[in-house]
Every structure is written in structure tokens, then in C-alpha cells.
Amino acid sequence: MKKYFFPLVKNPYRSKDIFKAIKVLKTGKLTMGTNVLNFEKEFSSKLKTNYSLMVNSGSSANLLAIQCLINPYRKKRLKIGDEIIIPSLCWSTSLWPIVQSGLKPIFVDIDKETLNMNLTDLEKRITKRTKGIMLVHVLGNSTDMTKLLKIKKKYKLILIEDTCESLGAQYKSKFLGTFGEFSSYSFYASHQISSGEGGMICCKDKSDYEIIKSLRSHGWSRNLSNEKKISNNNPHLDKRFIFYNSGFNLRPTEIAGAIGRSQFKDLFKFKKIRNLNRRNIINLFKKNKKINKTIKVIKPNKFVNPSWFGLPLIVNKKNLLKNIMLKLEKNGIETRPIISGNFLKQPSVKKYGLIKKIKYKNADYINNHGFFIGLPFNKIKLNILKKIEQSFQKSV
Ligand SMILES: Cc1ncc(COP(=O)(O)O)c(C=O)c1O
């Protein structure tokens, strides 16, 4: 494996996180339990979400949100072919649950200054069949939420916030992920906090919460608020094994619950240090003429108090991106595309016949000019900052 002096992510687990995991291991009960339950409660209380359920990944959270929308127990259920709007700069599993659930994704362009959904393009793509928006908050930043909420209200759209990259970010002091009917978070290793793999799905409505809870665990009636009633209505069944809904098994392990909970306690400490690291790198870039001429930093959008886990950068000059990324990698800095660039360029999208003739100019621009480097949750030491500057100096 290649050795970087500045990787995208270092081992994110501290002794106290590992200790919590060992404690769970010693109980012999690794399946979802009190740590997961307490994590969900603490998550709701800190971020002010109505209902939170932990799952085994951010992808599972997106899948559950979309599956809930088409579920027969939902009063206003979406129908096959209903349209969901999604930015062309998105992750694989922001998109695929829409298609896998028989809904139709409608792609819109982004703003290259914020990496987030372009709201003029969004409004242009709304049709009579548009029922919802899968909004992706990219890398701790967000679009203009005031304007977005106006559009949501005007067209009566359901909002799903894919907040997998933006845990702890705020828009006008309100946490991203608390604006829509549903939101998803990811605790993957490189994200704001990590539980190894893991995620959270939040929703506004109690009835959606009940559907998601059942879908998460095989479709079971266990722990639903109407569990008793379901059991009374089905006296021919063992009340512990009643399958009330269709289902998946998307539950997290108790170990993930314990690690996630331990990391979540320090979310705002991590956010603060990452912001400081970001400022320190930017200050170095500003003072270096060569770097400053070639590299532009993505800034937080107006009213956004961002929560970064990476530093998204733009190469100002044409056709230089690949070369610069290669050189940075050679000089010890790990890099990667912004999300996965314009997702419409992926072979899977072509295979499923989703490609349209429409040009997504800004997503293409980010695809061809953007990349990001990591931002650790520990303060970057001065000697490493110097090395970062030297590597960039040699690479641009
Ligand atoms: C925007 C976005 N949505 C969803 C996901 C999926 O999260 P997970 O890796 O936890 O499944 C990711 C993963 O990085 C992501 O970037």
C-alpha cells in the first residue's frame, strides 16, 4: 500500500473508542442494543431531529428513505415512474435507491462555487410527475436552503437530504438534515465521525419512523408502537415472529453503535479543529504565489456554518487536474475526485439508460477541475503544514 505523509484519512479510532468497542465485545451481545438506542436518542437531541434510527451505512439510510416513500403503509405513497430530482454531482447510493424503487431520477446541474444543487436548474426540471428532491449536501457545504424550501413549498415536494458528507454543518444555525421529511448520515471511516461502517436515518413524521423501523429489521412488528394490536389481529402467529411489512436487514452492530456514540460526543470538537486545519492550509496557499495562481479553494456558501472532512480544491487551468493529482500523490498527499465527479459519466448510468442529451456544464467543470485532500480531526503540526506547501509547490 502506498505511504502518504498526508492521507485522506488516518486511523480515526482513539483509545476511548476502541475501549467502548471492547466493552461491547465482552458482553457477548453484538447485535443492535442499548448503545445503538442511546446513540439514536443523543443524535436526535443534539441535532434536533424528530426521529433517528441507526443503520449499517449512509447508503442504507438513503435506501430506507426512498423505500418508505413507496411503502403501502404510507398514506401518500409514490407511484412507479414518479420523479425525484437529484444533482448530477452525487454519490452512487444517493441515486440508485431511486431507480431500484421504480422511481425516475431527474438530474440537475450544480453551482461550481458551492458544489451544491443549482436552484434555477432545479426549478426548470420540475414537471407534474415530480414528487421529491434528493438533495446532496456536498462535503459539509450546502445550497441556499431558504430558496430551496420556497421551491419545495411551491411545488409541494418531499425533501430528502443526503447529509452523508455534512454531519454537523448548519444553515442559519439549523443543522443540515433537519429541513426535509427525511435525511441520511454516514459514519464511514473518512467522514466527520466514524463507526467503521454506519449511518443514521432521520425523519419528521412518526408514521414514517414506524415504517422505516420495520423495514430496517426484516419487516418485523417488533418494537412498533402498534405491536400489540398487530399481534391481537394475528392470533394464529407467534407474536415474536410477525412480519408486518416487507423488509431488509440494515441494522448496525452494537459495536458500531458504541464507537459511533463515542465519536459523536466529540463531533463539534472535530469540526472546530478541522476548520482550523483548513484555515492554516489556506493561509499557506495564499502566501505562495505559484499555488495561489493555480489552485482555488471552495468556500462555504452564504449562511452556511460548514462541517468539512476534506478540503475541496479547484485547478484553475485547463487539462492540468490529472497531472497535478498524480504529482501530489507522488509527493505524499493523497487525493480523490469530488464525490465521484459528474455521476452521469459512470458506466452504470449508461447501462441503466439514464443518460440524457442535456449538458451539465458545472458538474462537468467540477469533474474536470476539482479534487479534494483530507482534513484530519487532530491539529496538523507545523512541520506537516510546511511539507503540504512544499508538495503543492512542486506539483502545480
Ligand atoms: C453523498 C453521499 N451519500 C451517500 C454515501 C454513502 O454512505 P456510506 O458509505 O456510509 O454507505 C456517501 C459515501 O461517501 C456519500 O458521499
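Every number for a ligand or one of its atoms is a count from 1 in the order of the listing.
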Quiz prompt | Electrostatic pair Lys239-Glu227, nearest N-O below 4.0 angstrom | solution = no

Contact region, His191 to ligand 1, non-hydrogen atoms below 4.0 Å, reads side chain

Taking only non-hydrogen atoms of Val136 and a 4.0 Å limit, the atoms of ligand 1 in range are 1 (C)

Near Thr93 (heavy-atom distance under 4.0 Å), the atoms of ligand 1 are 6 (C)

Margin query: Ring centres under 6.0 Å, that's the criterion: do Trp96 and Tyr352 meet it?
Written below: yes

Residue, atom and distance of the protein heavy atom nearest atom 6 (C) of ligand 1 read Ser59 OG, 3.4 Å

Tell me, do Pro72 and Arg77 make a side-chain contact under 4.5 Å, heavy atoms counted? yes

**Request:** May I ask you to test the Ser186-Glu165 pair for a side-chain heavy-atom distance under 4.5 Å?
**Result:** no

Check your understanding: Does the side chain of Leu115 reach to within under 4.5 Å of the side chain of Ile298, using non-hydrogen atoms?
Key -> yes

Atom 3 (N) of ligand 1 sits nearest the protein heavy atom Asp162 OD2, 2.7 Å

Walk me through it: do Glu389 and Lys386 pass the test salt bridge (charged side-chain N to carboxylate O under 4.0 Å, His left out)? CA-CA 5 Å; Glu389 185 186 3; Lys386 267 280 145 219; 3.0 Å; yes

The atoms of ligand 1 lying under 4.0 Å from a heavy atom of Ser94, numbered in the order shown, are 3 (N)

Here the atoms of ligand 1 under 4.0 Å from any heavy atom belonging to Ser57 are 10 (O), 11 (O)

Ligand 1 to Ile339 polar contact by distance, N or O atoms, under 3.5 Å: no

Tested for salt bridge (charged side-chain N to carboxylate O under 4.0 Å, His left out) against Asp266, the lone hit among Arg14, Arg261, Arg274 is Arg14

Among non-hydrogen protein atoms, atom 5 (C) of ligand 1 lies closest to Trp91 CD1, 3.3 Å

One thing to verify: whether Lys204 and Asp208 come together as a salt bridge, which I'm taking to mean a side-chain N less than 4.0 angstrom from a carboxylate O. no

- Item | Sub-3.5 Å N/O-N/O distance, Glu197 and ligand 1 | no

The protein heavy atom nearest to atom 16 (O) of ligand 1 is Glu165 OE2, 2.6 Å

